[in-house]
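Remarks on the structure that follows.
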Amino acid sequence: METVAVLDFETTGMSPRLGDRPTEIAVVLVCDGRIVDRYQSLMNPRRPIPAEITRLTGITNAMVAGAPPVATVMREAARFVGDHPLVAHNAAFDQRFWAAELETLAVEVPAPFACTMLLARRVYPQLSDHRLSTLVRALALPRPGRAHRAMVDAEMTAHLWCRLVADVGAAHGLDTVSHGRLAAAQRAPRQQFSRTLGACAAA
DNA sequence: TGCCAGGCCCTCTTTAGGGCCTT
């Protein structure tokens with residue numbers, strides 16, 4: 001049975017290219033439709049957290065002042081993820097920080113990302129928007145705590161991933177829906193989503 | 001000085017523009 005690693009970052013801003021860095025990471029391992037392991041840590045970004053981001057996440061400069069350095073936490077997180085394929089909501093965002101920080105540590109990042117936001121746009125086009133909070137509410141998924149903390153968002157994304165796998169399998173008559181199949185189909189044009197899934201199934 | 005993400009998607013498009021989504 002395939003295991004995937006669902007991750008979520010809290011950061012000081014939107015772009016590592018502009019100097020933003022992670023303040024917290026959470027990774028949950030999902031196998032056979034359930035969470036089987038968890039990793040979570042605050043980290044010290046060595047730059048101030050803007051007030052508006054503290055208001056959003058609740059993570060303060062005082063909270064990260066005593067946290068381990070980013071490099072230490074990222075090495076631990078990379079070991080925890082191992083070779084498992086990755087999943088995130090709006091994965092382009094988390095992938096940028098994942099790649100940027102691991103690149104500075106000379107750690108290879110071979111695992112591909114699947115994006116629950118791109119997939120949700122394909123699978124639930126009737127919804128008004130595809131924010132994580134909207135999807136959790138619309139699909140009646142578990143909400144384990146305050147949103148915009150890494151572990152809560154990672155767990156909500158994990159539940160969304162499991163629901164997507166189940167719904168795609170049921171809608172397309174597939175016994176198993178792998179990470180690779182969904183990652184390949186998530187960027188297909190909307191009209192070709194089903195055909196791409198079928199092609200991946202036949203391959 | 002003033003501005004600064006970026007990839008995807010839709011449409012009043014495709015030689016472009018703007019909304020969505022993450023913090």
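Protein chains get the first letters and strands the later ones, always in sequence-line order, with residue 1 at the start of each. None of the values given here were measured: they were computed from a predicted structure.
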Length of the line joining Asp94(A):CG and dC21(B):C1', which is rounded to integer Å: 11 Å

dC8(B) versus dT14(B) - spacing of their C1' atoms, nearest Å: 16 Å

Between dC4(B) and dG18(B) - P atom distance, rounded Å: 14 Å

Rounded distance (Å) that lies between atom P of dT23(B) and atom CD of Gln95(A): 16 Å

Glu10(A)/Arg149(A) ion pair, N-O < 4.0 Å: no

Sugar-phosphate, base or nothing in reach of Phe9(A), heavy atoms under 4.0 Å: sugar-phosphate

Nearest-Å distance for atom pair NE2/P, residues His89(A) and dC20(B): 14 Å

side-chain hydrogen bond (donor to acceptor under 3.5 Å, both in side chains) assessment of Ser15(A) paired with Asp20(A): CA-CA 5 Å; Ser15(A) 174; Asp20(A) 291 315; 5.4 Å; no

Rounded distance (Å) that lies between atom C1' of dC21(B) and atom CD1 of Ile53(A): 15 Å

Nucleotide dT22(B), atom P - distance to CG of Asp153(A) in whole Å: 8 Å

Length of the line joining Arg131(A):CZ and dG19(B):C1', which is rounded to integer Å: 11 Å

Counterpart residues, salt bridge (charged side-chain N to carboxylate O under 4.0 Å, His left out), relative to Arg143(A) (two or more places apart): none

Sequence-aligned protein contact record of nucleotides 4-11 of chain B, with B where the base is within under 4.0 Å of a protein heavy atom and S where only the sugar-phosphate is: BBBSSSS-

Nucleotide dT23(B), atom C1' - distance to CZ of Arg149(A) in whole Å: 13 Å

Touch class at under 4.0 angstrom, heavy-atom based, for Asp129(A) against every strand present: sugar-phosphate

Parallel, tilted or perpendicular, as decided by the 30° and 60° cut-offs, for the rings of Phe9(A) and Phe97(A): tilted

Pro50(A) to Thr12(A) - nearest heavy-atom pair and separation: CD-O, 3.3 Å

Span that lies between the C1' atom of dC12(B) and that of dG7(B), in whole angstrom: 23 Å

Separation between the C1' atoms of dG6(B) and dT23(B), rounded to whole Å: 13 Å

Sugar-phosphate only, base, or nothing, as touched by Thr57(A) at under 4.0 Å among non-hydrogen atoms: sugar-phosphate

Whole-Å P distance, dG19(B) and dT13(B): 15 Å

Spatial distance of atom CZ (Arg96(A)) from atom CE (Met14(A)) [nearest 0.5 Å]: 8.5 Å

Touch class at under 4.0 angstrom, heavy-atom based, for Asp8(A) against every strand present: sugar-phosphate

Within 6.0 Å of CZ in Arg146(A), more than 12 heavy atoms from elsewhere: yes

Contacts of Ala88(A) that satisfy side chain to side chain contact (heavy atoms under 4.5 Å, CB included) - sequence neighbours left out: Ala91(A), Asp94(A), Phe113(A)

Rounded interatomic separation in angstrom, taking CG from Leu7(A) and P from dT22(B): 14 Å

Phosphate contact (dT23(B) OP1 or OP2) by His148(A) side-chain N/O below 4.0 Å: yes

